[in-house]
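Report on the structure given below.
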Number of protein chains: 2
Amino acid sequence: MSQLDEQAFGHVARFFQALAEPMRLKILNGLRDGEKNVSELVEVSGGTQANVSKHLALLRDAKIIKRESRGTKAYYSIADQRIYELCNLVCGQIASQMSLDAAANEVFISALKTN
Amino acid sequence: MSQLDEQAFGHVARFFQALAEPMRLKILNGLRDGEKNVSELVEVSGGTQANVSKHLALLRDAKIIKRESRGTKAYYSIADQRIYELCNLVCGQIASQMSLDAAANEVFISALKTN
DNA sequence: TTTCTATATAACCATATACTCATGTAATAT
DNA sequence: ATATTACATGAGTATATGGTTATATAGAAA
């Protein structure tokens with residue numbers, strides 16, 4: 001396996017790693033409808049300010065979100081819309097894996113999609 | 001945020017987590033062209049037998065691969081083809097993020113796709 | 001300047017993860 | 001029955017990760 005491949009697997013793994021955390025998914029979910037500042041994200045995610053800031057830094061490192069500072073606030077937004085394609089793919093998969101009856105399944109899927 | 005959402009984020013996170021490891025990506029890459037037994041996967045991944053077995057167990061838990069035992073060997077294969085859609089999405093993203101010139105970029109992408 | 005508000009970051013701790021080595025187990029072959 | 005081959009798993013260890021609390025920094029307001 002080439003050196004290039006090795007590197008590539010590392011990159012891809014780090015990318016998935018950034019999405020492998022419930023709180024970060026919550027934050028990304030909060031950004032579905034556009035930019036939010038940190039305080040707003042703290043609200044919707046239910047996390048602490050310090051913790052949310054850390055996750056935001058990590059997501060930014062992974063180039064998944066971008067930051068724009070305006071006045072004393074920091075506005076974050078999605079840098080790559082493909083995130084949601086990814087999540088939707090995974091959500092479909094998860095939903096189909098869960099042994100829910102059809103009704104519950106529908107609730108589940110719509111809960112994921114309408115946020 | 002509903003209880004259902006909380007659960008959902010957890011599920012999705014665990015799914016991404018399974019993909020957030022270079023060795024596991026290597027293994028999945030090794031399964032692109034069909035089933036392989038553990039020894040073959042040890043070969044193509046370059047890992048130790050114990051370690052590969054553990055990653056296989058984890059991937060199986062995540063329902064990403066399935067196992068079929070034949071004789072004394074264990075054959076693994078992809079349980080959900082969407083994995084590769086995911087990886088391709090991410091690879092495209094990674095490639096476009098890397099500051100490579102066009103030529104190098106092409107090499108990079110084809111290296112990812114042709115394995 | 002001082003103060004307040006918004007955000008980032010350091011220090012620290014607990015848990016999770018990935019790896020290695022050694023050993024267990026199961027099917028086959030001798 | 002014993003040995004061999006193929007795989008799984010437990011124990012132990014090092015590092016990574018996620019969380020908390022306390023503090024630093026930066027801009028706006030008084």
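If you're wondering where the values come from, they're calculated on a predicted model, not measured in any experiment. Letters A, B, ... mirror the listed sequences (proteins, then strands); counts begin at 1. What's counted below: heavy atoms across the whole structure, side chains too, no hydrogens, waters or symmetry copies.
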* For Ala50(A) and for Ala50(B), find the nucleotide of DNA chain D with the closest heavy atom, then tell me which residue's nucleotide is more 5'. => Ala50(B)
* **Which residues share a side chain to side chain contact (heavy atoms under 4.5 Å, CB included) with Asp61(B), sequence neighbours left out** => none
* Identify, with sequence neighbours excluded, every residue that meets side-chain hydrogen bond (donor to acceptor under 3.5 Å, both in side chains) alongside Glu43(B). => none
For nucleotides 13-19 of chain C, give me every protein contact, N/O to N/O, under 3.5 Å, one pair per line with atom names.
{"from": "dA18(C)", "atom 1": "OP1", "to": "Arg24(B)", "atom 2": "NH2", "distance (Å)": "3.3"}
{"from": "dA18(C)", "atom 1": "OP2", "to": "Arg24(B)", "atom 2": "NH1", "distance (Å)": "3.2"}
{"from": "dC19(C)", "atom 1": "OP2", "to": "Asn51(B)", "atom 2": "OD1", "distance (Å)": "3.1"}
{"from": "dC19(C)", "atom 1": "OP2", "to": "Asn51(B)", "atom 2": "ND2", "distance (Å)": "2.9"}
{"from": "dC19(C)", "atom 1": "OP2", "to": "His55(B)", "atom 2": "NE2", "distance (Å)": "2.4"}
{"from": "dC19(C)", "atom 1": "O5'", "to": "Asn51(B)", "atom 2": "ND2", "distance (Å)": "3.1"}
{"from": "dC19(C)", "atom 1": "N4", "to": "Lys54(B)", "atom 2": "NZ", "distance (Å)": "3.3"}

* Asked: How far does CG of Leu25(B) sit from NE2 of His55(B), to the nearest 0.5 angstrom?
  -> 10.0 Å
* Using the test salt bridge (Lys or Arg N to Asp or Glu O under 4.0 Å), find all partners of Lys36(A) that sit at least two apart in sequence or belong to another chain. => Asp33(A)
* To do: Mind checking side chain to side chain contact (heavy atoms under 4.5 Å, CB included) for Ser77(A) and listing every partner two or more places apart, or none if nothing turns up?
  => Glu35(A), Lys66(A)
For nucleotides 2-7 of chain C, which of its nitrogen or oxygen atoms have a protein nitrogen or oxygen under 3.5 Å away, and what is each distance?
{"from": "dA6(C)", "atom 1": "O4'", "to": "Thr72(A)", "atom 2": "OG1", "distance (Å)": "3.0"}
{"from": "dT7(C)", "atom 1": "OP1", "to": "Val38(A)", "atom 2": "N", "distance (Å)": "3.3"}
{"from": "dT7(C)", "atom 1": "OP1", "to": "Ala74(A)", "atom 2": "N", "distance (Å)": "3.2"}
{"from": "dT7(C)", "atom 1": "OP2", "to": "Ser39(A)", "atom 2": "N", "distance (Å)": "2.9"}
{"from": "dT7(C)", "atom 1": "OP2", "to": "Ser39(A)", "atom 2": "OG", "distance (Å)": "2.2"}
{"from": "dT7(C)", "atom 1": "O3'", "to": "Arg67(A)", "atom 2": "NH1", "distance (Å)": "3.4"}

* Ile27(B) backbone acceptor or donor facing Tyr76(B) side chain under 3.5 Å -> no
* Structure fact -> Sorted by chain and number, sequence neighbours left out, salt bridge (Lys or Arg N to Asp or Glu O under 4.0 Å) with Glu68(A) holds for Arg70(A)
* Asked: Contact class for Ala57(A) (heavy atom, under 4.0 Å): base, sugar-phosphate, or nothing?
  -> nothing
* **Positional range of nucleotides in DNA chain D within the contact set of chain B, heavy-atom, under 4.0 Å** => dT5(D) to dA11(D)
* Residues in side chain to side chain contact (heavy atoms under 4.5 Å, CB included) with Arg14(A), at least two apart? -> His11(A)
* To do: Identify, with sequence neighbours excluded, every residue that meets side-chain hydrogen bond (donor to acceptor under 3.5 Å, both in side chains) alongside Gln49(B).
  => Ser53(B)
* So how far is it from Gln17(B) CD to Leu19(A) CG, rounded to the nearest 0.5 Å? -> 11.0 Å
